[in-house]
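The figures here come from the full heavy-atom set of this structure, side chains too, leaving out hydrogens, waters and symmetry mates. Order of the sequence lines fixes the chain letters, A, B, ..., with proteins taken first and strands second; residue numbering starts at 1 for each chain.
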Amino acid sequence: MNSISAFQNALIRWYERNKRDLPWRRTVDPYAIWLSEIMLQQTRVAAVIPYYERFLRRFPTPAGLAKAAEAEVLSMWAGLGYYSRARNLQKAAREIQAQGSFPKSYDAIRALPGVGDYTAAAVASIAFGLPHAVLDGNAARVLARLDDDGSDIKASPVRRRLQARAQELLDRKRPSLFNQALMELGATVCLPRQPLCAACPVAKMCLALEAGTHNELPVKGGQTAVHYVERIVVIVRKRESILMWRRGQDEPRLKGFWELPEPHMLPGVRLAEPLGEFRHSITNHRWFRWVSLKENARIPLSTTTRKALAVLRRTEEKNPPGKGPPQRRRVVVD
DNA sequence: AAGACGGGGCA
DNA sequence: TGCCCAGTCTT
């Protein structure tokens, strides 16, 4: 028994005894597994679970997803982030329907929009038992520590090396178990900070632990600087309706989402007292806005807009709008 | 090879 | 506040 099979066996045995009970681990449906992998891209398990269950109830098959209105798909995704995932998901569902069945090879899965190397390997291995190793953030961290590799794990050449290493370690007879075990180890034991090495099934083989560098790894290259933005959004209200605008399909972000107007969109608008403020973070941006608002319909609402509306709602609970003449109100989102 | 893309949770 | 998360796509 060589060291690779020792690694595989220790890892998989640990996984089978310690794995979390997650909804997508209870299915073998490639569609459901694919959906879970898309939702899990850069998104924590805890955030995904309720979305996954709701989405699958509403769209249990690719066919249903294919024929839905894009706005409804986006509504189901609202709050989860990275909305191009939802658009690509539906695009892919239409391709799957045109093909007649879910693609069954790595290359065919990889060709779907929104599916990159990681997701293709995950679906191919978990849904079809194909021997493709996954390299996500968890796996990269585990492998960098295992080999005491101080290279920048974001750099492309290093990425390729880690991918090759994962493929070398992969248990080709049990690719689904192996891949999930490696990721589970990263997610629950081989943590980014303060890894729980005492609980690690492969600690004996970990060169970083042996060298004492486990808390310094992995090395990640320069993060891009955040920049700060302040916005004011306005609540223009007619009885129970609020004026909103929809982002166009040529917008770089949040395409098709509804938002509150900003003052420059309403020439001559006179602003009333601010209703409140909130803070909101987007990957490389910090937005500050004043906001206000009320109810809305079945449309994709961006999270900033939801927060803005929540501010208004709280305001009006404390201070109900009087009968008198219509008031001009304003909300600011931060 | 960089940046952009959402959002939330945690030290 | 900064980092990280079952990444992908576009410059």
Side-chain angles (χ1 to χ4, degrees), chain A residues 15 19-20 22-25 33-52 74 77-89 91-92 109-127 132-142 152-160 163 166 176 178-188 190-195 215 218-228 247 251-255 257 259 278-287 300-307:
Chain A
Y15 175 69
K19 66 181 176 186
R20 293 168 290 177
L22 303 175
W24 44 89
R25 288 183 176 159
I33 290 166
W34 166 58
L35 172 66
S36 74
E37 293 299 343
I38 300 295
M39 287 187 163
L40 285 163
Q41 290 169 3
Q42 294 292 285
T43 310
R44 293 170 186 284
V45 165
V48 167
I49 290 174
Y51 281 86
Y52 171 82
L74 288 173
W77 206 274
L80 199 55
Y82 285 152
Y83 299 100
S84 66
R85 293 186 294 179
R87 278 183 294 272
N88 283 332
L89 193 78
K91 237 181 273 175
I109 297 166
R110 177 69 176 78
L112 295 171
V115 174
D117 293 341
Y118 163 76
T119 303
V123 174
S125 63
I126 297 170
H132 296 269
V134 297
L135 185 69
D136 70 330
N138 289 310
R141 182 171 59 253
V142 171
D152 172 8
I153 64 165
K154 311 209 78 167
S156 296
V158 180
R159 210 76 198 170
R160 281 190 289 275
Q163 175 73 58
S176 171
F178 179 90
N179 279 338
Q180 294 186 77
L182 192 61
M183 294 189 284
E184 188 81 347
L185 186 71
T188 64
C190 196
L191 303 171
R193 285 166 299 211
Q194 307 256 158
N215 283 317
V219 172
K220 298 182 95 162
Q223 314 286 330
T224 54
V226 306
H227 73 274
Y228 292 78
R247 287 176 171 272
E251 297 265 347
R253 75 189 84 178
L254 294 172
K255 284 185 266 290
F257 278 72
E259 305 227 77
F278 64 83
R279 178 168 311 218
H280 183 69
S281 300
I282 305 179
T283 309
N284 293 316
H285 307 259
R286 299 293 157 91
W287 300 53
L301 270 188
S302 65
T303 299
T304 50
T305 302
R306 290 165 193 270
K307 289 178 177 179

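Arg159(A) comes within 4.0 angstrom of no nucleic acid atom, judged by non-hydrogen atoms across all strands. If you check every strand for non-hydrogen atoms under 4.0 Å, Gly81(A) touches a base. Leu80(A) comes within 4.0 angstrom of a base, heavy atoms only. Contact annotation for Asp117(A): backbone-only contact, meaning every heavy-atom pair under 4.0 Å involves sugar-phosphate atoms and none involves a base. Residue contacts for Trp77(A): at a heavy-atom cut-off of 4.0 Å it reaches no nucleic acid atom on any strand shown. If you check every strand for non-hydrogen atoms under 4.0 Å, Val115(A) touches sugar and phosphate atoms only. In this structure, Leu22(A) reaches the bases: a heavy-atom distance under 4.0 Å links it to at least one base atom across the strands shown. Using a 4.0 Å heavy-atom criterion, one finds that Thr43(A) contacts the bases of the nucleic acid, with or without backbone contacts as well.
Pairs of residues two or more places apart, or lying in two chains, never qualify as salt bridge (Lys or Arg N to Asp or Glu O under 4.0 Å) while including a residue from residues 40-50 of chain A.
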Which protein N or O atoms sit under 3.5 Å from an N or O of nucleotides 9-11 of chain B?
none

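Across dA4(B) and dA6(C), the matching P atoms stand 23 Å from one another, rounded to whole Å. Comparing the C1' positions of dT8(C) and dG9(B) gives a spacing of 23 Å, expressed to the nearest Å.
With sequence neighbours left out, Gln41(A) forms a side chain to side chain donor-acceptor pair (under 3.5 Å) with Thr119(A).
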